[in-house]
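These notes are about the structure you will find just below.
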Amino acid sequence: MAKKGLHPLLYRITVVGTKGGTFPLFSAVKHKAQSYFLQQDHDTHVTWTGKVVESAATGQVAKFKRRFDFLSAANVVVGKKK
C-alpha cells in the first residue's frame, strides 16, 4: 500500500517562450504568477542557433582578464632553468 502525502502537490503553470509560444508545465513550486517567461529558449540559445551573441564583459572572469592580461602578453621568466 502506498504512503499518503509522500509526493508533492503539482501546480500547472504556462511557460512563455521568447517569441510568444506557450506550453503547459507542472511544477512542485507554487508560483505567484501562472506564467513563466523564458529569457532563452531554442529560438535564441547559441546551441540551437549557432549564432554567438556578444555579452557584456562585466563578470568575474572578464574582470580577472582585464586585471592580469599583461602577464599573458609578456614572456616573463619566473625561475631559472638548470
Side-chain angles (χ1 to χ4, degrees):
M1 181 151 246
K3 292 183 181 180
K4 291 185 179 184
L6 182 65
H7 298 287
L9 293 175
L10 295 178
Y11 302 97
R12 186 183 186 123
I13 60 171
T14 303
V15 178
V16 181
T18 55
K19 291 189 176 180
T22 61
F23 61 92
L25 186 72
F26 290 99
S27 174
V29 179
K30 188 172 185 178
H31 298 275
K32 292 180 182 178
Q34 293 293 325
S35 297
Y36 182 77
F37 295 91
L38 298 176
Q39 292 180 350
Q40 290 207 346
D41 60 359
H42 66 279
D43 292 329
T44 58
H45 197 276
V46 69
T47 303
W48 289 283
T49 62
K51 298 177 185 175
V52 177
V53 178
E54 297 271 338
S55 62
T58 58
Q60 293 295 320
V61 174
K63 185 178 177 181
F64 180 84
K65 285 182 180 179
R66 279 195 308 272
R67 184 177 290 172
F68 297 106
D69 189 39
F70 69 94
L71 292 175
S72 65
N75 292 328
V76 179
V77 178
V78 177
K80 286 185 176 181
K81 224 177 187 185
K82 290 183 180 182

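Quick note: residue numbers are just sequence positions, from 1.
- Atom-to-atom distance recorded for F23:CZ and T14:OG1 is 9.5 Å, nearest 0.5 angstrom.
- Residues passing the side-chain contact (heavy atoms from CB on, under 4.5 Å) test with V61, sequence neighbours excluded: K65.
- Under the rule for a side-chain contact (heavy atoms from CB on, under 4.5 Å), the partners of F37 that lie at least two apart in sequence or sit in another chain are V16, S35.
- Residues meeting the ring pair (Phe, Tyr, Trp, His ring centres under 6.0 Å) test with F26, sequence neighbours left out: none.
- Applying the side chain to side chain donor-acceptor pair (under 3.5 Å) criterion to T18, with sequence neighbours excluded, gives D41.
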Pair up each side-chain donor or acceptor in residues 5-13 with any protein partner under 3.5 Å, not counting sequence neighbours, and list the distances.
none

